[in-house]
Enquirer: 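Just passing along the structure, written as structure tokens.
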Amino acid sequence: MMQSYREHNIQELPLSSPFFRQKVERFLGENGLRLEVLDVYCAIENDAGEILAGAGLYRDIIKCIAVAQQARSEGLVAPLVSHLISLAASRGMSELKLFTKPENEAVFESLGFHVLARAPKALLMEKGRGLEKYCDYLRSFRREGRSGVVVMNANPFTLGHLYLLQQAASQVDTLYVIPVKEEGQRFSYSERVSMIRKAEENYFLCSSPKNQFSSALTVPNCPKNQLSSATLILLEGSEYQISAATFPTYFLKNLSDAAETQMRLDLDLYTRWIAPALNASVRFVGTEPTDALTAQYNAFMKELLPQVVEIPRTQVSASAVRAALERGCFREASALCPSSTWPYLLADLANRALQLELDTPGKPGLVGPDSCGAHRDMDYNTMQRGIAALRPFWPRMALASSPEELRKLGIQAESAMLSATGGVNTHRGAIFCIGLVLNVFYPNAQSADIQEVLRRGVHAQVHRLYGKSLSDRELRESASGAKDVKGAKAMADEGYRLLFEDWLPYYASGAGELKTLLRIMCTLDDTCVIKRVGYDRAQEVKQEASAILEAEENNFSQGFAKNHFSSAGRELCKQYAAEGISPGGAADMLALTIFIHSIII
């Protein structure tokens, strides 16, 4: 992409190329700057190919602007920034932000930018009315009386967050809650908003803008005597909350300055724009005894805002919940959260189970981090897209109130998966089995004998879903005579007997994902294998898996890593890839085993 400017050209330098990336890094380094994450970098070069001026775009933020010493009198910033403005407009972005040094204010004002927030070492500027429009939105929810604000991340929403809101609501007539609008966290923005909304519906006399967020998930309201008397309004977050994801550090000489500058800009923007738009007189925040950065932010808040009320923090922290989820322990995580958060914890664990299955190397015939196995139509990235597409459906499946609703959600999830993968079936089996277990588990999460509840519940739900079709036994293969083989529905009809009696105890013993996969392959009539190579070859696959597992048991006892094969196992992987043998049913059962293990331990 080029645009003529005098004798120079503005051209896009592809940062994916090591050559151009190093070239841009050298140019920025020579000008005392650092390269940051960018979507595009544009530059003006001289005839010798040396960069005279450059600027980048990340989402809707202009970054990494620099001009070489010998070209600083040539007025190259204006055409570069104008080019990026046009490029952003072609991508549907009419409002742009930039962070710069205070001494550059006049330069960017001449290009149509205005100051949104100030700090001693940086300015936040914007071209357009983005923040003004957001404040117009905020003003539409103004209420009479004393108003306060809580800005929260809720990654995820815990009992600590609930306590903070309850304490804050007791001190005002209206409490505004603004979720941090930032992706790249364990729980997405939409998930975090939904968690806050569900808690709001249970514990507050809420008056949130219902048209702003999805209210598809419902849970019973708590008794009225548990409700706060304040009106709580959950507002939409914005890109104007300055975070590590948006704030650039490239122009700060010391990275240690970045955190303070980011905090001061964020609080200046809140004081200038957000609080006046809501007519909010007080900001509520939890005390921070352990995290130094959060404690510093609280200190700046008390220094810069007119009134700040610190609520004593409970012992519950979102980081402790995330750590429990990382270990695959629903019981521990759920004990720190209100029940309205539980469907999202379960969704995270379902996602974790699928990811652990995918990330296991050395799986015979299956896609993993090291191989596409027997597949020509999918790879690791395809599988990743399938997993990501399913995550929004898991909490909805947990909360589905009828078999028909669950069935519709399964169909929608499959459609989303196929759309994300270009029509490739990556997880149809997982949608069925994990969705079924989610729906049975959630309303019975506190049962004493959860394994028995799951077995009976899955059996009953399958009958409600499919009725008479279960008697067909689902699949018949003619290899050496007619063979009855239990497919996905028949296995669910049995309440996943083999899983609870064999695979789950084996996995719980510390066997690891790869050995557990082999254990499943030894005992499962895998319909994916049967459809590809026939019943008789599928029986041989079971025997081969058993032989490899026995050999690997000896290898593991001699110190081999539990998720890596010896040479015999690697040869089996090559053989199955060549024959087109893919035990996809076993992969689904491995993911289900991992998931059930995480919700019952």
Side-chain angles (χ1 to χ4, degrees), residues 1-116 122-128 130 183-184 239 244-253 255 258 381:
M1 184 179 297
M2 295 188 177
Q3 173 177 313
S4 181
Y5 177 71
R6 297 181 183 174
E7 70 272 24
H8 306 295
N9 289 317
I10 297 176
Q11 53 188 323
E12 185 176 319
L13 304 184
L15 296 177
S16 57
S17 161
F19 172 80
F20 285 107
R21 186 175 189 85
Q22 291 169 11
K23 183 175 182 178
V24 172
E25 285 175 339
R26 281 196 306 272
F27 166 70
L28 292 174
E30 289 166 358
N31 290 278
L33 305 177
R34 290 178 292 273
L35 179 62
E36 293 201 344
V37 176
L38 296 170
D39 297 322
V40 63
Y41 195 78
C42 295
I44 297 173
E45 299 181 330
N46 62 17
D47 292 339
E50 299 169 327
I51 300 177
L52 298 178
L57 187 67
Y58 174 66
R59 299 177 184 171
D60 63 345
I61 303 170
I62 295 176
K63 289 185 175 185
C64 298
I65 305 169
V67 181
Q69 182 68 42
Q70 70 271 23
R72 290 180 183 172
S73 62
E74 297 187 28
L76 301 182
V77 170
L80 264 176
V81 172
S82 296
H83 178 77
L84 288 176
I85 291 170
S86 297
L87 180 61
S90 70
R91 298 180 176 186
M93 294 179 288
S94 58
E95 280 120 5
L96 293 178
K97 300 188 285 290
L98 65 83
F99 296 84
T100 189
K101 299 176 182 177
E103 55 263 36
N104 295 330
E105 179 178 349
V107 173
F108 291 108
E109 278 187 340
S110 69
L111 296 172
F113 288 83
H114 59 276
V115 174
L116 298 183
L123 300 175
L124 169 61
M125 305 184 74
E126 181 180 50
K127 183 179 180 65
E183 297 297 353
E239 293 79 7
T246 59
F247 178 66
T249 61
Y250 68 90
F251 59 82
L252 297 176
K253 290 185 178 179
L255 286 176
N381 291 331

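What's counted below: heavy atoms across the whole structure, side chains too, no hydrogens, waters or symmetry copies.
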Enquirer: Which heavy atom of I10 sits nearest a heavy atom of P79, and at what distance?
Expert: CD1-O, 3.5 Å

Enquirer: Once you round to the nearest 0.5 Å, how far does CD1 of I62 lie from CE of M125?
Expert: 11.0 Å

Enquirer: For A53, give me all partners under side-chain contact (heavy atoms from CB on, under 4.5 Å), at least two apart in sequence or on another chain.
Expert: V67, L76, L80

Enquirer: Look up atom CD in E126 and atom CG in L116, then write down how far apart they are to the nearest 0.5 Å.
Expert: 5.0 Å

Enquirer: Looking only at non-hydrogen atoms, find the nearest pair between A68 and N31 and report the distance.
Expert: CA-OD1, 3.7 Å

Enquirer: Drop me the distance from L98's CG to L84's CG, to the nearest 0.5 angstrom.
Expert: 10.5 Å

Enquirer: Using the side-chain contact (heavy atoms from CB on, under 4.5 Å) rule, pick out the option among L38, L57, L33 that qualifies with C64.
Expert: L38

Enquirer: Rounded to the nearest 0.5 Å, how far does CD of E36 lie from CZ of F99?
Expert: 10.0 Å

Enquirer: Side chain to side chain contact (heavy atoms under 4.5 Å, CB included) for L124 and K97? Distances and angles first, verdict last.
Expert: CA-CA 7 Å; L124 169 61; K97 300 188 285 290; 4.1 Å; yes

Enquirer: With a 4.5 Å limit on heavy-atom distance, are the side chains of F27 and L13 in contact?
Expert: no

Enquirer: How far apart are the closest heavy atoms of E95 and G128, and which atoms are they?
Expert: CG-CA, 3.6 Å

Enquirer: Taking salt bridge (charged side-chain N to carboxylate O under 4.0 Å, His left out) as the test, write out the residues that go with K127, two or more places apart.
Expert: none

Enquirer: Compare all side-chain heavy atoms of F113 with those of I85 and state whether any distance is below 4.5 angstrom.
Expert: yes

Enquirer: Dump the intermediate steps for side chain to side chain contact (heavy atoms under 4.5 Å, CB included) on F108 and L123, then the final yes or no.
Expert: CA-CA 11 Å; F108 291 108; L123 300 175; over 6 Å; no

Enquirer: Going from NE2 on H83 to CG on N9, what distance comes out if it is rounded to the nearest 0.5 angstrom?
Expert: 10.5 Å

Enquirer: Side-chain contact test, heavy atoms from C-beta onward, threshold under 4.5 Å: evaluate it for I65 versus T100 and give yes or no.
Expert: no

Enquirer: Sort and list the pairs that fulfil side-chain hydrogen bond (donor to acceptor under 3.5 Å, both in side chains) and have at least one residue in residues 15-26, not counting sequence neighbours.
Expert: K23-E45

Enquirer: Rounded at 0.5 Å granularity, tell me how far CG in D39 sits from CZ in R59.
Expert: 8.0 Å

